[in-house]
Amino acid sequence: MTIEDVRKVILNILADIAPDEDISSIDDNTKLRDQIDLDSMDFLDIVMELRKRFNIEVPEKDYEHLATMAGCVSYLTPLLKDRQLAS
Amino acid sequence: MRYDTIIIGAGLSGLAAGIRLAMFDKKVCIVEKHSEIGGLNSFYVRKNRTFDVGLHAMTNFTPKGVRSSPLGKLLKQLRFSHDDFRLCQQDMSEIRFPEKSLKFTNDFEFFRQEVAETFPDQIDGFNKLVEKILSFDELNLDDADCLSSRPVLESYISNPVLIDMLFCPLMYYGNAREGDMDFYQFVIMFKSIFVEGFSKPQGGMPYILNLLAEKFEHLGGELRMGNGIKTINAKQETVCSVTLENEEELETTAVLSSMGYVETLNRCQPELAEAGACETGQVSFMESLFVVDQKPRDLGYDKSIVFFSTQSRFDYKVPGDLIDISSGVLCCSNNFQYPQPPEEGLIRLTNLAHFGKWDGLPRKDYIAAKKECRAQALDALFTFFPDFRDNVVFLDSFTPKTIKKYTGHINGAVYGSPQKIKNGKTPVKNLYICGTDQGFLGIIGATLSGISMANLHLLQ
């Protein structure tokens, strides 16, 4: 998966967990919670979706890396580099 | 085969928890005793008409786009769009006492103005109370101290009638305790009714319940209807299986029960000493439904919901007799902003009732008492409101006994035990409770209860 693919993975997850949100204009360097009103329950969902879709476990101490889109991409790209977007 | 979780009860909390678990590929089965889904918020059919039970209105209305509210959280967690719920807002509701009336809508400032006009000398205190309510963290699951509402209210408001008028809707819509209310419950109810407000889903309870049940099954969840739980079995104080009424045993890693705390403990094998020591709920209701041949509005009923007391002081307690006709809730289902108005007029009247008195009646007397109590309740209502008796084309009533029969809740206690188990834990490992006895009430509250207990205990 490329960096672009990883970004797309996150967007797909966000689209699923927040169906009423406009996610097309997300700024990569602003906190996700400030842009689309995510709370701690939603972050749990992001982590659960990563587990479900890619079998990736994100330990609680690493949740902070998921605060922004840029953070998500840099944290997840090494973990997903050998995977296909379609998986 | 072994389940990850067996959920007891296909009411709103059970269905919501089921959706959360199935969404993340847990092997989950909901076991429901009744042949219909819904539990305390269900529906029934008589003479080709479908009636909701439980639902007068949904509390906690917030518009599309508000995410931090209970409704917004619920929609996100279950992955529904606001439009999926097809919510139609109320017109206007009212709290009516002798000589005093407070109206409210889904705009809180309207209510604040009503209080200011009706109780001008109390508005400063009321505003301070509102500040306290808005800054209170009522959703803290760990908070163990029991603060009562009445002393808090009395410290801000000196007129007892205003205090009773505020209590009336909040108690009727979600208080398991007689006479007073835990303050965190007061805050939950105040926000859900006055600050947020009422709506009804187009299509009523069957629509909402089917929406949840379909999503649950679509995600791979299993729903077993018409088969209750006989025992919840534990080994080494950890849950291991449940035995159904047909003697079938289902193995499971965890059980999430919405049948009530004591009701759950009573079914544990080996037996639990704790079961006998728990407080059970007593508060229940009689409700009558009247299909009328005109729009309620044309009969002089223009409010969505009216909470009334025929006495200047309102007493929320289990009556000494079959029912208490001195206060009640009147719901006109037609007076919500539906895209297409309902075909028939429907008026519902709810009064406090005593389970034991109803349960003790022989069958013949029970039928007669229903008729008699309904007539008494109408007589009391018509001291305040126009008479619609000549316009009734169909009527039906249910009592605490009916509620017990279909939901299994001890005493037909609609709001469960006064003692809530906020963290959902029981003495048995991997056995948790959700729903009415966990502490979030109402349709939105029950649904959030299922979600939060699934998240807290069964997903991480």
Side-chain angles (χ1 to χ4, degrees), chain A residues 8-27 30-69 72 75-76 79-80 83-87, chain B residues 4-5 16-28 61-87 137 139-142 211 215 218-221 434 440 444 447-460:
Chain A
K8 198 152 179 211
V9 163
I10 309 293
L11 284 178
N12 286 346
I13 291 176
L14 292 176
D16 274 358
I17 68 174
D20 285 338
E21 293 286 355
D22 175 19
I23 54 165
S24 60
S25 58
I26 282 181
D27 176 71
T30 308
K31 280 188 176 170
L32 288 170
R33 75 160 66 230
D34 296 338
Q35 299 180 75
I36 53 172
D37 221 345
L38 297 180
D39 60 20
S40 57
M41 277 171 142
D42 302 317
F43 277 93
L44 171 67
D45 275 39
I46 296 175
V47 171
M48 301 281 304
E49 285 294 335
L50 289 167
R51 182 194 297 169
K52 178 172 151 182
R53 296 178 191 202
F54 304 103
N55 215 6
I56 294 175
E57 290 290 343
V58 181
E60 207 169 330
K61 66 173 171 52
D62 290 350
Y63 284 9
E64 59 188 276
H65 297 297
L66 306 181
T68 62
M69 177 60 90
C72 289
Y75 180 77
L76 293 169
L79 301 171
L80 289 169
R83 309 289 281 273
Q84 297 297 313
L85 181 58
S87 67
Chain B
D4 292 315
T5 299
I19 290 174
R20 289 293 298 165
L21 298 178
M23 192 179 278
F24 297 110
D25 296 336
K26 300 286 184 192
K27 202 157 175 43
V28 54
F61 179 83
T62 44
K64 188 171 181 169
V66 178
R67 313 251 178 268
S68 53
S69 66
L71 175 64
K73 281 182 203 287
L74 176 163
L75 292 171
K76 262 194 313 192
Q77 286 277 297
L78 299 183
R79 302 196 188 163
F80 285 113
S81 147
H82 195 282
D83 296 336
D84 290 335
F85 270 35
R86 306 202 308 205
L87 297 176
D137 177 17
L139 301 179
N140 180 0
L141 296 177
D142 300 319
L211 192 69
K215 179 154 227 167
H218 179 73
L219 290 164
C434 65
F440 300 154
I444 302 294
T447 312
L448 276 178
S449 168
I451 291 170
S452 58
M453 291 301 106
N455 286 353
L456 184 63
H457 299 301
L458 303 164
L459 275 177
Q460 298 189 45

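In what follows, every heavy atom counts, from backbone to side chain, and hydrogens, waters and symmetry copies are set aside. Numbered from 1 within each chain, the chains take letters A, B, ... in sequence-line order.
- Contacts between L459(B) and chain A at a heavy-atom distance below 4.5 Å involve backbone atoms as well as side-chain atoms.
- Both the backbone and the side chain of I17(A) have a heavy atom closer than 4.5 Å to some heavy atom of chain B.
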If you check both backbone and side chains, which donor-acceptor pairs between chain B and chain A fall under 3.5 Å?
unit_1: R20(B); atom_1: NH1; unit_2: D45(A); atom_2: OD1; d: 3.2
unit_1: R20(B); atom_1: NH1; unit_2: D45(A); atom_2: OD2; d: 2.8
unit_1: R20(B); atom_1: NH2; unit_2: D45(A); atom_2: OD1; d: 2.5
unit_1: M23(B); atom_1: O; unit_2: K52(A); atom_2: NZ; d: 2.5
unit_1: R67(B); atom_1: NE; unit_2: E21(A); atom_2: OE2; d: 2.0
unit_1: R67(B); atom_1: NH2; unit_2: D20(A); atom_2: O; d: 3.4
unit_1: R67(B); atom_1: NH2; unit_2: E21(A); atom_2: OE2; d: 3.4
unit_1: K73(B); atom_1: NZ; unit_2: D39(A); atom_2: OD2; d: 3.1
unit_1: K76(B); atom_1: NZ; unit_2: D37(A); atom_2: O; d: 3.0
unit_1: K76(B); atom_1: NZ; unit_2: D42(A); atom_2: OD2; d: 2.6
unit_1: Q77(B); atom_1: NE2; unit_2: M41(A); atom_2: O; d: 3.4
unit_1: R79(B); atom_1: NH1; unit_2: E49(A); atom_2: OE2; d: 2.7
unit_1: R79(B); atom_1: NH2; unit_2: D45(A); atom_2: OD2; d: 3.2
unit_1: R79(B); atom_1: NH2; unit_2: E49(A); atom_2: OE2; d: 2.9
unit_1: S81(B); atom_1: OG; unit_2: D20(A); atom_2: OD1; d: 3.1
unit_1: H82(B); atom_1: N; unit_2: D20(A); atom_2: OD2; d: 3.0

